[in-house]
Amino acid sequence: MQRTRIDVLLSEQSVGQTVVVKGWVKSFRNNQFISINDGSCFDNIQAVLNRENYDIDFLKTITPGTALKVVGTIVASQGSGQAIEIDVTEIEIYGTANAETYPLQPKKHSKEFLREIAHLRFRTNTFGAVFRIRHAVSFAIHSFFNDRKFYYLHTPIITASDAEGAGEMFRVSTLDLAQPPKTESGDIDFKADFFERETHLTVSGQLEAELGALALGQVYTFGPTFRAENSNTSRHLAEFWMVEPEVAFADLHDNMDLAEAMLKHIISYVLEHCQRDLQFLNDEQIKEESQKPKNQRSELSLIERLQSCIADDFVRISYTEAIEILKNSKPNKKKKFNYIIEEWGADLQSEHERYLVEKHFKKPVILFDYPKDIKAFYMKVNEDNKTVRAMDILFPGIGEIIGGSQREENLDVLLARMEEMDVPAEELYWYLDIRKYGSCPHSGYGLGFERMVQFVTGMGNIRDVIPFPRTPGNAAF
RNA sequence: GCCUCAGUAGCUCAGCUGGUUAGAGCGGCGGACUGUUAAUCCGUAGGUCGUAGGUUCGAGCCCUACCUGAGGCGCCA
């Protein structure tokens with residue numbers, strides 16, 4: 001007999017039907033009630049057995065974590081916690097979980113502890129919900145771009161270019177670390193390496209995505225990205241997933257429109273398809289915050305925050321306007337900021353971004369037209385020759401979730417910028433060729449996938465929204 | 001990389017200004033009960049108080065170094 005998934009069983013509620021359910025024991029009460037979860041949904045099914053029919057030593061092997069099969073009839077539940085339950089006729093145990101050593105107890109565990117047992121944390125309510133939602137976010141991204149006729153482009157993970165300027169890179173090499181081959185001048189001889197040149201893990205697929213966009217029209221990448229920065233924060237990973245759409249003939253405003261529509265699509269999709277999981281995370285966070293003093297609690301619950309994000313247009317203001325707001329803000333005047341905003345040109349710190357999003361506007365903010373000196377070489381220079389067509393989308397609690405720009409399509413201007421910023425033009429000849437032959441205005445952005453999942457699930461630490469986080473000093477599992 | 005805080009039983013934590021046998025809840029184990037909802041009740045075991053030094057008659061508590069974790073900052077997505 002085919003097994004029935006618990007999500008199907010709970011939604012169909014076919015009383016009288018005989019079913020086979022396979023899953024893991026959440027709890028076993030009274031030697032009679034087994035709560036079983038199979039990962040198909042948040043909720044468990046309660047299997048009820050007649051303890052008279054079983055040996056006590058057999059019943060003792062049914063402990064939290066045990067994998068088993070039950071066969072039985074769906075009946076209306078006599079208890080109040082659930083509508084239906086299974087009247088068990090047969091149990092088969094696949095794998096026991098020794099209660100003396102199994103670390104997951106039916107009690108609250110800290111996220112830090114669960115991070116140390118990341119191989120088991122999927123089995124908890126919280127992480128089950130988080131990883132079902134992570135899947136939904138991923139699926140929503142693909143459906144959004146597919147519906148708009150974007151092509152999913154797989155850009156390389158191993159890259160030879162060291163010129164992307166997006167941070168420290170991880171080296172890829174098959175050379176003997178202890179005794180690498182040397183050139184006559186004593187340098188490491190990468191000609192002897194696997195790719196016959198120096199290679200690293202990618203820090204961005206953008207440059208390659210641009211190549212695709214200028215032929216396929218509109219493309220997006222969605223893949224792993226690696227940064228060897230020594231970043232120790234709740235929103236940085238050394239290995240993370242990034243979504244990078246790139247659109248030909250799009251200017252910065254088209255780019256902002258696309259990004260805002262995408263973010264709203266993802267949020268709507270999750271609100272519609274992950275109700276039960278979201279409700280659980282929502283309630284957990286209310287419970288957690290009830291321990292805190294009132295002024296530290298969030299004004300809106302998780303679900304309210306998500307709903308408010310899709311209800312209104314995001315605020316769009318230029319960097320120059322943002323500086324004016326910040327200059328005149330209370331924390332700036334009272335010198336509460338660690339970095340006081342004094343003049344145009346200052347790079348915004350996360351405290352400033354948070355002020356704009358969380359205090360001043362209380363909704364997502366898109367900042368655009370940044371000073372060129374604080375932005376990357378490939379961003380299009382405005383007519384004022386002071387700013388570039390860059391945009392960052394700032395989200396409450398997360399900060400920068402998207403960074404993007406219209407790209408510089410003019411070859412001479414781009415070359416001048418690369419010269420200014422010490423980006424070696426020879427290495428990027430292929431990137432420049434795009435400006436030489438059939439260049440056109442184009443734009444794109446990068447979305448930090450885990451930051452999006454963080455926002456949607458309300459998880460405070462990015463390490464809790466990726467199955468096996470890689471951070472400085474940590475690559476377990 | 002910098003700053004701050006923390007590390008006590010398997011987990012979550014208490015342990016007053018340094019004072020004698022280091023506590024609780026949950027979990028484990030043994031038993032009772034039986035339509036339970038992280039079941040309940042009774043009993044019981046479990047700790048080189050992160051590691052290494054030091055101060056002191058005496059250190060879980062004070063000092064130094066290191067390790068680990070968390071929060072904040074920087075780098076960014």
Side-chain angles (χ1 to χ4, degrees), chain A residues 25-35 43-52 56 59-60 63-65 75 77-82 85 87 98-117 124-125 164-168 203-206 221-244 259 291 337-339 347-354 374-376 392-395 398-404 445-455 460-466 471-474:
Chain A
V25 174
K26 263 275 173 17
S27 71
F28 184 34
R29 297 178 292 271
N30 256 359
N31 270 352
Q32 188 179 11
F33 303 98
I34 313 175
S35 278
D43 289 301
N44 308 319
I45 185 79
Q46 173 160 284
V48 186
L49 52 86
N50 184 346
R51 78 179 78 73
E52 315 281 301
I56 186 71
L59 294 179
K60 276 185 180 172
T63 57
V75 296
S77 178
Q78 294 171 41
S80 56
Q82 56 283 315
E85 61 196 21
D87 189 12
N98 186 338
E100 265 182 279
T101 52
Y102 188 59
L104 292 173
Q105 314 153 8
K107 76 174 283 261
K108 176 139 180 79
H109 293 286
S110 67
K111 306 249 174 30
E112 292 79 20
F113 171 66
L114 293 171
R115 226 171 272 154
E116 289 168 15
I117 51 165
T124 63
N125 289 334
E164 291 163 28
E168 290 295 309
V203 292
S204 164
Q206 180 201 315
T221 73
F222 187 169
T225 308
F226 307 86
R227 306 260 167 102
E229 300 288 344
N230 191 7
S231 298
N232 293 290
T233 80
S234 56
R235 26 175 226 295
H236 287 89
L237 292 165
E239 177 184 284
F240 64 101
W241 289 67
M242 188 150 65
V243 179
E244 295 174 293
Q291 317 279 329
F337 283 141
N338 288 318
Y339 295 86
D347 206 350
L348 300 183
Q349 307 294 318
S350 51
E351 58 182 345
H352 307 128
E353 297 177 349
R354 294 186 74 136
I374 58 173
K375 287 292 182 181
D392 283 356
I393 302 187
L394 311 178
F395 260 36
I398 308 288
E400 187 180 342
I401 197 164
I402 279 179
Y445 61 83
L447 167 76
F449 178 67
E450 281 77 15
R451 289 190 183 173
M452 188 69 210
V453 180
Q454 239 190 307
F455 180 73
N461 195 313
I462 201 164
R463 293 160 204 184
D464 294 332
V465 299
I466 188 166
T471 53
N474 201 337

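Per chain, numbering begins at 1; letters A, B, ... match sequence-line order. Everything numeric in this text was worked out from a predicted model, so none of it was measured.
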Classify the nucleic acid contact of [X] as base, sugar-phosphate or nothing, counting any heavy atom under 4.0 Å across all strands shown.
| X | result |
| --- | --- |
| Leu237(A) | base |
| Ser35(A) | nothing |
| Lys60(A) | sugar-phosphate |
| Glu85(A) | base |
| Gly446(A) | sugar-phosphate |
| Gln78(A) | base |
| Ser80(A) | base |
| Lys26(A) | nothing |
| Gln46(A) | base |
| Ile401(A) | sugar-phosphate |

Identify which nucleotide among [options] has an atom closest to any side-chain atom of [X], counting heavy atoms from C-beta outward.
| X | options | result |
| --- | --- | --- |
| Glu100(A) | C29(B), U12(B), A77(B) | C29(B) |
| Ser77(A) | G1(B), G35(B), G28(B) | G35(B) |
| Ser234(A) | C76(B), U36(B), G72(B) | G72(B) |
| Arg227(A) | U37(B), A77(B), U12(B) | A77(B) |

_Could you report the tightest heavy-atom contact between Val25(A) and Thr63(A), atom names first, then the distance?_
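Result for this residue pair: CB-O, 3.5 Å.
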_Minimum-distance pair of heavy atoms, taken over all atoms of Ser204(A) and Met242(A)_ =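 So the two residues come closest at CA-CE, 4.0 Å.
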For [N] versus [M], give the span between their [atom1] atoms, rounded off to a whole number of Å.
| N | M | atom1 | value |
| --- | --- | --- | --- |
| G18(B) | C62(B) | C1' | 8 Å |
| G58(B) | G19(B) | C1' | 7 Å |
| C75(B) | G60(B) | P | 44 Å |
| C2(B) | A45(B) | C1' | 46 Å |
| G15(B) | C57(B) | C1' | 23 Å |
| U36(B) | U40(B) | C1' | 10 Å |
| G1(B) | U64(B) | C1' | 23 Å |
| A14(B) | A9(B) | P | 12 Å |

Would you mind reading off the distance between [X] atom [atom1] and [N] atom [atom2], rounded to a whole angstrom?
| X | N | atom1 | atom2 | result |
| --- | --- | --- | --- | --- |
| Arg235(A) | G71(B) | CZ | P | 11 Å |
| Leu114(A) | G10(B) | CG | C1' | 13 Å |
| Glu112(A) | G69(B) | CD | C1' | 8 Å |
| Trp241(A) | C76(B) | CH2 | P | 24 Å |
| Arg115(A) | C11(B) | CZ | C1' | 16 Å |
| Arg354(A) | C76(B) | CZ | C1' | 16 Å |
| Leu104(A) | C11(B) | CG | P | 12 Å |
| Asn30(A) | U40(B) | CG | P | 10 Å |

Who does [N] pair with, Watson-Crick or G-U, both distances under 3.5 Å?
| N | result |
| --- | --- |
| A65(B) | U51(B) |
| A22(B) | none |
| C33(B) | none |
| C73(B) | G1(B) |

Would you state whether a donor and an acceptor, one from the side chain of [X] and one from the base of [N], lie under 3.5 Å apart?
| X | N | answer |
| --- | --- | --- |
| Gln105(A) | G10(B) | yes |
| Glu116(A) | U68(B) | no |
| His109(A) | C11(B) | no |

Kindly indicate whether the side chain of [X], heavy atoms from C-beta on, has any atom under 4.5 Å from the side chain of [Y].
| X | Y | result |
| --- | --- | --- |
| Thr471(A) | Leu237(A) | yes |
| Leu114(A) | Leu104(A) | yes |
| Phe222(A) | Trp241(A) | yes |
| Ile56(A) | Asn31(A) | yes |
| Arg29(A) | Ser35(A) | yes |

Look at [X] and [N] and indicate whether a side-chain polar atom (N or O) is within less than 4.0 Å of OP1 or OP2.
| X | N | answer |
| --- | --- | --- |
| Ser231(A) | C75(B) | no |
| Gln349(A) | C73(B) | no |
| Asn461(A) | G71(B) | yes |
| Arg29(A) | A39(B) | yes |
| Thr101(A) | G28(B) | no |
| Thr233(A) | G72(B) | no |
| Arg51(A) | G35(B) | no |
| Ser350(A) | G74(B) | yes |

_Treating Glu229(A) as the side-chain partner and Glu168(A) as the backbone partner, does any N or O pair qualify as donor plus acceptor under 3.5 Å?_
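Yes, Glu229(A) side chain to Glu168(A) backbone: donor-acceptor pair under 3.5 Å.
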*Along RNA chain B (nearest heavy atom to each residue), the more 5'-positioned of Gly448(A) and Ser27(A)*: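 Nearer the 5' end of the strand: Ser27(A).
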*Please tell me which of Phe28(A) and Asn230(A) maps to the more 5' nucleotide of RNA chain B, matching each residue to the nucleotide holding its nearest heavy atom.*
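Of the two residues, Asn230(A) wins.
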_Euclidean distance, Ile402(A) CD1 relative to Tyr445(A) OH, rounded to 0.5 Å_ =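 Going from the OH atom of Tyr445(A) to the CD1 atom of Ile402(A) covers 5.0 Å.
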*Can you measure from CD1 (Ile393(A)) to CZ (Arg451(A)) and round to the nearest 0.5 angstrom?*
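Between Ile393(A) CD1 and Arg451(A) CZ, I get 13.0 Å after rounding to 0.5 Å.
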*asked:* Stacking between A77(B) and Phe240(A), yes or no? Criterion: centroid separation under 5.5 angstrom, plane angle under 30 degrees.
replied: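 It does: the ring sits over the base of A77(B).
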